Amino acid sequence: MTMRTTVAAGIATAALGDEVTLCGWVANRRDHGGIVFLDLRDASGLAQIVADPSLSGCEMVHDVRAEYVLQVTGVVSPRPEGTVNPDLPTGAVEVVAQTVVVLNRSEPLPFPLDETHHGVDESLRLKYRYLDLRKPRMNRNLRVRAETVRAIRQAFDAQGFVEVETPTLTLSTPEGARDYLVPSRTQPGSFYALPQSPQLFKQLLMVGGLDRYYQIAHCWRDEDLRADRQPEFTQLDMEASFVDDVDIRDMVTIAIQRVVGTVTGRDIGEIPSMTWAEAMARFGSDKPDTRFGCELNDVSTVFATSEFRAFAGNAVVAMCVPGAGDASRSRLDAWTDRSKALGAAGLVWMRVTETGVESPVAKFCTDVEIAALIETLGAAPGDLLLMVADARALTCQTVLGQLRLEVGAERGLRPTGLGDQLNFLWVTDFPLFEPESQGDPVPAHHPFTMPHPDDVEFLSTDPLRVRSLAYDLVLNGIELGSGSVRIHRPDLQAEIFSVLGIDEERAEERFGFLLQAFRYGAPPHAGFAFGVDRLVMILCDEQSLREVIAFPKTQSGADPLTGAPGPVDASQLVDLGLRISVPKSPGS
RNA sequence: GGUCCUGUGGUGCAGCCUGGAGUGCACGCCGCCCUGUCAAGGCGGAGGUCGCGAGUUCAAAUCUCGUCAGGACCGCCA
């Protein structure tokens, strides 16, 4: 290196008296007139420069401003007694400047980079993302991301996987999310679609004998954005042949262990498993946050013959919130409204007291029922019981499951710092189908998912009862990814299509190339994919995906930096055989 | 498609409910002073289409409607 001999963090370990040359940005200056302190920032950290403006070579330090780019040569020196800064890794030393060269100047910034200033308007940060990225926090997040991807590659490489790239210009399939479309110039009127995932290609790679495939794959879904959803995102995509679901989960677990070990130094050990049915029964969610209690309990039998008409004959699910008996009536009313919004008929609450319960519906319940309820939930005086009754147990579970998260957060039971505790969890045995609005079965995962071998007999008689060999990976109540054993036999695939109401002609039209491939000896195979952005977000303890993506999009899918999406030249449309029918809105 | 929150010098806020002169706070910026700071300090100064457009009113940052932008959420995301 010729421009610098060390980086800012390097002065902490440099020998005292060494002459060093540093390059970096002025993070802060403290100009005392006869002496000037500069905090020089580079990718490694901060170094304090002390300059005497009366020295030749340092005259210009009075003119230095924030974010000027400097090259500083000086001597690493111990800080005088009493001026050591214990908050800084380099705080015991400083560089006494001999020469300060301004490599580039900077206009005053549109917003402060100071980490103590929070809440700068996000569209402003994104418009000047290259400045925003100078913040140590953003720099760190992108480094964590790189470490994560590297650890993933190392883990799969070590297990004999082959990294293969699949096309990003591919065929649109009407299932699933809305596709991003790319018009074809050579075939006007036809379109490519950007892949929502490499699903079909990775199965073809198994037919192609690759045996073990993985990819850090970019994927696109044209759906509305959320804090944890960007229109383009990255997933670890993998598939293996001659393996079962347990093998796949073991392979992914090894990668997750390696990532967490690399990034946090922690050993997460084995990842526990739970069936979907157990997750729904205990947590009312297929992605349970297992970091706190308040588990659900089915108390239908307690109230089977109850005088309370809302309970009798219905499924009744209850949850005990420890210490929440002091919740105000207005909070209880708000939770009741919330339950109704979530699809419940109502919410029954009971405050547990020394002598029994206090509740608007207590008069409809017998002492025996109350005693059994308290016994089942293990409730103590001061606790709050919340109950939902419905003809369908699943409705009770999902409503109470969502309420569990919200009440848990409000009562301080659910951890807010996502990074403190990493509760990974495998959720297995998902249903193969879920009922669509008209009640017809639609794939819960995707139509190539293998039914659970114990349930195949119900495919024709009671399809909604059939479990699948599909599994999700959950972290702290957030779905990281999902996978499944795939169907490799054409006859079973045809039966699934038949349940889904997809006739042979239609199946051939949509997935013909895959079905044909499977006629030439497709190996049994299974796979998985998880969201790299989401994993990194949690490891960085961030609340939004945008904090771990270098150049993310706003909620309306725009990029304030480049202005994308934007109009194109009329001649480009002519080349593509396209004509715009939507009038341009007046805009801003 | 829907619900809610936000929009005020370069930045972050207060002001809005209860209309009365662009009023205030902190940071930043510019100038001067200053040899041990690390959110340096002192003194002085500049900087405004209150997102945009209508309406109500003698009078609108403030009330009403519309619209644009950003954010959270519902729908959506096999």
Side-chain angles (χ1 to χ4, degrees), chain A residues 27-41 46-55 62-63 65-67 77 79-88 90-91 94 96 106-128 131 173-179 196-197 199-200 219-231 233 338 341-343 402 406 430 432-434 436-437 441-449 468 470 479 482 484 496 500 502 510-511 531 543-544 546 553-558 560 585-588:
Chain A
N28 196 14
R29 80 196 146 97
R30 294 174 293 279
D31 188 338
H32 291 227
I35 185 172
V36 178
F37 298 94
L38 299 174
D39 291 338
L40 198 70
R41 183 196 65 240
L46 288 182
Q48 174 163 286
I49 311 294
V50 192
D52 179 348
S54 65
L55 288 180
H62 283 310
D63 303 322
R65 294 293 180 267
E67 300 304 314
S77 311
R79 295 197 186 184
E81 183 99 25
T83 64
V84 167
N85 184 348
D87 300 329
L88 217 56
T90 59
E94 59 195 6
V96 179
S106 172
E107 293 180 18
L109 262 42
F111 59 91
L113 300 187
D114 200 325
E115 300 279 342
T116 60
H117 291 86
H118 292 292
V120 174
D121 181 72
E122 209 176 326
S123 60
L124 194 65
R125 288 177 59 201
L126 292 183
K127 181 177 178 184
Y128 298 95
L131 298 179
T173 53
E175 287 74 23
R178 190 178 295 110
D179 283 322
Q196 300 171 25
S197 84
Q199 182 61 38
L200 300 179
C219 306
W220 291 264
R221 290 177 191 175
D222 189 3
E223 297 291 349
D224 286 353
L225 284 73
R226 290 284 190 282
D228 62 352
R229 271 169 26 195
Q230 281 275 306
F233 58 98
R338 181 68 180 143
L342 290 166
Q402 184 60 36
E406 296 174 16
F430 270 73
L432 186 61
F433 306 109
E434 54 194 30
E436 191 217 15
S437 47
V442 294
H445 187 49
H446 60 59
F448 316 112
T449 304
S468 68
E479 182 192 330
S482 58
S484 62
I496 298 293
L500 294 172
I502 301 173
R510 289 195 203 175
F511 313 112
Q543 306 293 318
S544 164
R546 296 185 297 274
K553 307 260 190 298
T554 66
Q555 201 162 68
S556 65
S585 63
S588 48

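As the structure is a prediction and not an experimental result, all values here were calculated from the model. Residue numbers begin at 1 in each chain, while the letters A, B, ... track the order of the sequences.
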Partner of G53(B) under the Watson-Crick or G-U wobble criteria, both distances under 3.5 Å, comes out as C65(B)
For nucleotides G51(B) and U8(B), find the distance between their P atoms and express it as a whole number of Å.
6 Å
For atom C1', what is the distance between C13(B) and G48(B), given to the nearest Å?
16 Å
Note: Ser54(A) and Asp52(A) closest approach over all heavy atoms is OG-OD1, 2.7 Å
If A14(B) has a Watson-Crick or G-U wobble mate with both distances under 3.5 Å, name it; if not, just say none.
U23(B)
Atom CG of Asp87(A) to atom C1' of A39(B): distance rounded to whole Å?
12 Å
Quick check for you: among U11(B), U37(B), G70(B), whose closest atom lies nearest to any side-chain atom of Phe111(A)?
U11(B)
Under the rule for side chain to side chain contact (heavy atoms under 4.5 Å, CB included), what residues qualify as partners of Ser106(A), not counting sequence neighbours?
Glu67(A), Tyr68(A), Leu109(A)
Could you tell me how far apart Asp31(A) (CG) and C32(B) (P) are, to the nearest whole angstrom?
11 Å
Should Ser484(A) and His445(A) be marked as a side-chain contact (heavy atoms from CB on, under 4.5 Å) after you check the CA-CA gap, both sets of side-chain angles, and the distance that decides it?
CA-CA 8 Å; Ser484(A) 62; His445(A) 187 49; 3.3 Å; yes
Please measure how far the P atom in A26(B) lies from the corresponding atom in U62(B), and state the result in whole Å.
26 Å
Could a donor-acceptor pair under 3.5 angstrom be found where the side chain of Arg30(A) meets the base of C34(B)?
no
Nearest to the side chain of Pro108(A), heavy atoms from C-beta on, is which of U11(B), G71(B), C29(B)?
C29(B)
Taking N or O atoms only and anything under 3.5 Å, show me the protein contacts with nucleotides 74-78 of chain B, one pair per line.
unit_1, atom_1, unit_2, atom_2, d
C74(B), OP2, Arg226(A), NE, 3.2
G75(B), N7, Arg226(A), NH2, 2.8
G75(B), O6, Arg226(A), NH1, 3.0
G75(B), O6, Arg226(A), NH2, 3.1
G75(B), N1, Asp224(A), OD2, 2.6
G75(B), N2, Asp224(A), OD2, 3.3
C76(B), O2', Glu223(A), OE1, 2.6
C76(B), O2, Arg229(A), NH2, 3.0
C76(B), N3, Arg229(A), NH1, 3.1
C76(B), N3, Arg229(A), NH2, 2.9
C76(B), N4, Arg229(A), NH1, 3.2
C77(B), O2, Arg229(A), NH1, 3.1
C77(B), N3, Arg229(A), NH1, 3.2
A78(B), O4', Gly176(A), N, 3.3
A78(B), O3', Pro443(A), O, 3.3
A78(B), O2', Pro443(A), O, 3.1
A78(B), O2', Ala444(A), O, 3.4
A78(B), O2', His445(A), O, 2.3

Has Phe37(A) got its ring stacked on the base of U37(B), with centres under 5.5 Å and planes less than 30° apart?
yes
Distance-minimising heavy-atom pair for Pro447(A) and Ile496(A):
O-CG2, 3.7 Å
Nearest-nucleotide comparison on RNA chain B, the residue closer to the 5′ end among Ser54(A) and Leu124(A):
Leu124(A)
Please enumerate all residues that pass side chain to side chain donor-acceptor pair (under 3.5 Å) together with Arg221(A), with sequence neighbours excluded.
none
Nearest-Å distance once atom P is located in both G42(B) and C25(B):
15 Å
For Arg30(A) and Asp39(A): C-alpha separation, side-chain torsions, deciding distance, then whether salt bridge (charged side-chain N to carboxylate O under 4.0 Å, His left out) applies.
CA-CA 9 Å; Arg30(A) 294 174 293 279; Asp39(A) 291 338; 3.0 Å; yes
Return the nucleotide paired to C4(B): Watson-Crick means purine N1 to pyrimidine N3 with N6-O4 or O6-N4, wobble means G-U with N1-O2 and O6-N3, both under 3.5 Å.
G71(B)
Given U37(B), C73(B), G71(B), identify the nucleotide with an atom nearest to the side chain of Gln48(A).
U37(B)
Over how many whole Å does the gap from Glu67(A) atom CD to G28(B) atom C1' extend?
13 Å
What nucleotide, of U37(B), U35(B), G70(B), holds the atom closest to the side chain of Ser123(A)?
G70(B)
Listed nucleotide nearest any side-chain atom of Arg65(A), set A72(B), U37(B), G31(B):
G31(B)
Both distances under 3.5 Å, Watson-Crick or G-U wobble: report the partner of A59(B), or none.
none
Just name whichever nucleotide pairs with C34(B), Watson-Crick or G-U, keeping both distances under 3.5 Å, else none.
none
For the student: nearest non-hydrogen atoms of Thr90(A) and Ala47(A), plus distance
OG1-CA, 4.1 Å
Find the distance Asp228(A):CG to C73(B):C1' and express it as a whole number of Å.
11 Å
Expressed in angstrom and rounded to an integer, what is the separation of Ile49(A) atom CD1 from U37(B) atom P?
18 Å
Side-chain donor/acceptor of Glu94(A) to base of G36(B), under 3.5 Å:
yes
Tell me which nucleotide among C38(B), G71(B), U35(B) gets nearest to the side chain of Ile35(A).
U35(B)
With both distances under 3.5 angstrom, what nucleotide forms a Watson-Crick or G-U wobble pair with G28(B)?
none
In whole angstrom, give me the gap between the C1' atoms of A78(B) and U3(B).
27 Å
When every non-hydrogen atom of Ala227(A) is compared with those of Gln543(A), the smallest separation belongs to CB-O, 3.9 Å
Taking for each residue the nucleotide of RNA chain B bearing the nearest heavy atom, is the 5' side occupied by Leu109(A) or by Asp39(A)?
Leu109(A)
Return the pairing partner of G47(B) with a 3.5 Å limit on both distances, Watson-Crick or G-U wobble; otherwise return none.
none
Distance check, P atoms only: U23(B) and U67(B), in whole angstrom units.
33 Å
Assigned partner base of A78(B), Watson-Crick or wobble definition, under 3.5 Å
none
Which heavy atom of Arg79(A) sits nearest a heavy atom of Glu94(A), and at what distance?
CG-OE1, 3.7 Å
Whole-Å distance separating the CD atom of Gln543(A) from the C1' atom of C73(B)
15 Å
